[in-house]
Amino acid sequence: MPDVPILRRAAIGTAGAAVLGLGYATLVERNAFALREVTLPVLAPDASTLRVLHLSDIHMTPGQRLKQNWLRELDRLEPDLVINTGDNLAHPKAVPAVVQALGGLLARPGLFVFGSNDYFGPRVKNPLKYFDRDHERVHGAPLPWSDLHAAFSERGWLDVTHVRRELEIAGVRISAAGVDDPHIDRDRYDTVAGPANPAADLRLGLTHSPEPRVLDRFADDGYDLVMAGHTHGGQLCLPLVGALVTNCGLDRSRVKGPSRWGSHMRLHVSAGIGTSPTAPARFWCRPEATLLTLVPAPREQARSTADAGTRSTFSPH
């Protein structure tokens, strides 16, 4: 029969490790903001380099000073373009905090779509539900997304939700389109369906949740790059294992960072900057923004709408 004191000491040690891990995840890592830097060869062969700052899943509450100060410093990167893929809010009074934290970035060219937590506040849920993709979703209280939309738009950022836009940034011709959040079935891809402009240097798609059904449509229409958030990089990850869940239909190998989708399109998923107030922890998955340097694709990888239609071959990174 096992020695009772030994079992007791083992139980106390396990409980102590769990408490330490939880303390680290909630007090240290969720505030250990990081800048990830990525280079992607997605532009037309003769295009100029484009520096793009990708922000997602800020989940702001008014009192989060560390997060606000860190976000404010990102303007020093001087990106050519800012992309925001949603879930900016986590509190009904957070709009001023988001706007003030983004600061000078709102004076730079920007494109955005919203996520579910721009529309609805967070709710406490059983963590095991994240392992069930088909669980019933119950929305929280409405959030002032229209105020945030007005603030972004008044400062010059362009909403690409269910619209197609043509613009030129730093000498790069961009054809952009986006959808509303597929995670809560607000996406209406048919409103932007059709081949992306073949004359553009960059054909860019935006979505909050990287649901495969939406990624397939963007790929079929010849987009070079789709940017998304939502996954939080898994949020609670394990060494050597990585993310346990993605909270969407995306496979775990693409839970954050760049990957390929089909034979032509690239996908970039941000691990996000915040967490829900109801689950304020990160482990082995630091909060992040990403500075992407977009460069011309090699000439031997000729871009064409026809190349983009292959769905069956996926390879991470």
Polar side-chain atom of Gln235 near backbone of Ala281 as donor-acceptor pair, under 3.5 Å:
yes
Taking the side chain as every heavy atom from C-beta outward, state whether Leu74 and Val82 have any pair of such atoms under 4.5 Å apart.
no
Considering all heavy atoms, the nearest Ile273-Glu288 contact
CG1-O, 3.1 Å
Distance col, row Tyr223:OH vs Leu206:CG, nearest 0.5 angstrom, shows 9.5 Å
For Asp159, give me all partners under salt bridge (Lys or Arg N to Asp or Glu O under 4.0 Å), at least two apart in sequence or on another chain.
none
Please answer whether the main-chain N or O of Gly115 pairs with a side-chain N or O of Asp118 as donor and acceptor at a distance below 3.5 Å.
yes
So Ser270 and Asp57, do their side chains get closer than 4.5 Å, heavy atoms only?
no
Kindly assign one of parallel, tilted or perpendicular to the pair His59 and His232, based on the angle between their ring planes and the thresholds 30° and 60°.
perpendicular
Inspect the contact between Asp224 and Arg173 and indicate whether a charged nitrogen and a carboxylate oxygen are less than 4.0 angstrom apart.
no
Contact summary for Gly178 and Val113, nearest pair of heavy atoms
CA-CG1, 4.3 Å
Using the ring of each side chain (for Trp, its six-membered ring), is Phe218 parallel, tilted or perpendicular to Tyr189, with breaks at 30° and 60°?
perpendicular
Val269 vs Val255 side-chain heavy atoms within contact, under 4.5 Å:
no
So, the side chain of His264 versus the backbone of Ala219: is there a donor-acceptor pair under 3.5 Å, distance only?
no
Evaluate the side-chain contact (heavy atoms from CB on, under 4.5 Å) criterion for residues Met265 and Arg260: first the C-alpha distance (whole Å), next the side-chain angles of each, then the deciding distance (0.1 Å), finally the verdict.
CA-CA 6 Å; Met265 194 174 80; Arg260 291 185 178 273; over 6 Å; no
Exam field: side chain Asn117 to backbone Leu89, donor-acceptor pair closer than 3.5 Å
no
With a 4.0 Å cut-off, would you call Arg254 and Asp251 a salt bridge?
yes
Side-chain touch His139/Ser116, heavy atoms, less than 4.5 angstrom
no
Side-chain donor or acceptor of Arg188 paired with backbone N/O of Asp185 under 3.5 Å:
yes
Can you tell me if Arg36 uses its side chain to pair, donor with acceptor, with the backbone of Thr290 under 3.5 Å?
no
Closest heavy-atom pair and its distance - Pro258, Leu40
CB-CD2, 3.8 Å
How many angstroms lie between CG in Leu53 and CG in Leu292, if you round to the nearest 0.5 Å?
8.5 Å
Would you please name every residue forming a side-chain hydrogen bond (donor to acceptor under 3.5 Å, both in side chains) with Asp80, sequence neighbours left out?
none
Give me each pair satisfying side chain to side chain donor-acceptor pair (under 3.5 Å) with a member in residues 90-112, each pair once, sequence neighbours excluded.
Asp75-Arg108
Among His54, His149, His208, exactly one meets ring-ring contact (aromatic ring centres under 6.0 Å, His included) together with Phe112. Which residue is that?
His149
Rounded to the nearest 0.5 Å, what separates atom NE2 in His268 from atom CG in Leu204?
12.0 Å
Taking side chain as C-beta onward, heavy atoms only, is Met60 less than 4.5 Å from Leu71?
yes
With rounding to the nearest 0.5 angstrom, report the CH2 to CD1 distance, Trp157 to Ile83.
9.0 Å
Determine, step by step, whether Met227 and Leu111 satisfy the side-chain contact (heavy atoms from CB on, under 4.5 Å) criterion, reporting the C-alpha distance in whole Å, the side-chain angles of both residues, the deciding distance to 0.1 Å, and the verdict.
CA-CA 11 Å; Met227 303 176 75; Leu111 302 174; over 6 Å; no
Supply the atom-to-atom distance Arg286 CZ to Asn31 CG, rounded to the nearest 0.5 angstrom.
11.0 Å
Locate the shortest heavy-atom distance separating Glu29 from Trp284; write the atom from each residue and the value.
OE2-N, 2.7 Å
Mutual orientation of the aromatic rings belonging to His183 and His230 [parallel < 30°, tilted 30-60°, perpendicular > 60°]:
tilted
Tell me, do Leu238 and Leu244 make a side-chain contact under 4.5 Å, heavy atoms counted?
yes
Any donor-acceptor pair under 3.5 Å linking the side chain of Arg51 with the backbone of Leu77?
yes
Measure the shortest side-chain to side-chain distance between Thr161 and Arg186 over non-hydrogen atoms and say whether it is less than 4.5 angstrom.
no
Measure the CG-CZ distance between Asp87 and Phe120 for me, rounded to the nearest 0.5 Å.
12.0 Å
Minimum heavy-atom separation for Leu294 to Leu43, with atom names?
O-CD1, 3.3 Å
If you define the side chain from C-beta out and look only at heavy atoms, does anything of Leu55 sit under 4.5 Å from Leu105?
yes
Exceeds 12 heavy-atom contacts within 6.0 angstrom, atom CZ of Arg76
no
Taking all atoms of both residues into account, what is the closest heavy-atom pair of Asn197 and Arg164, and its distance?
N-NH2, 4.2 Å
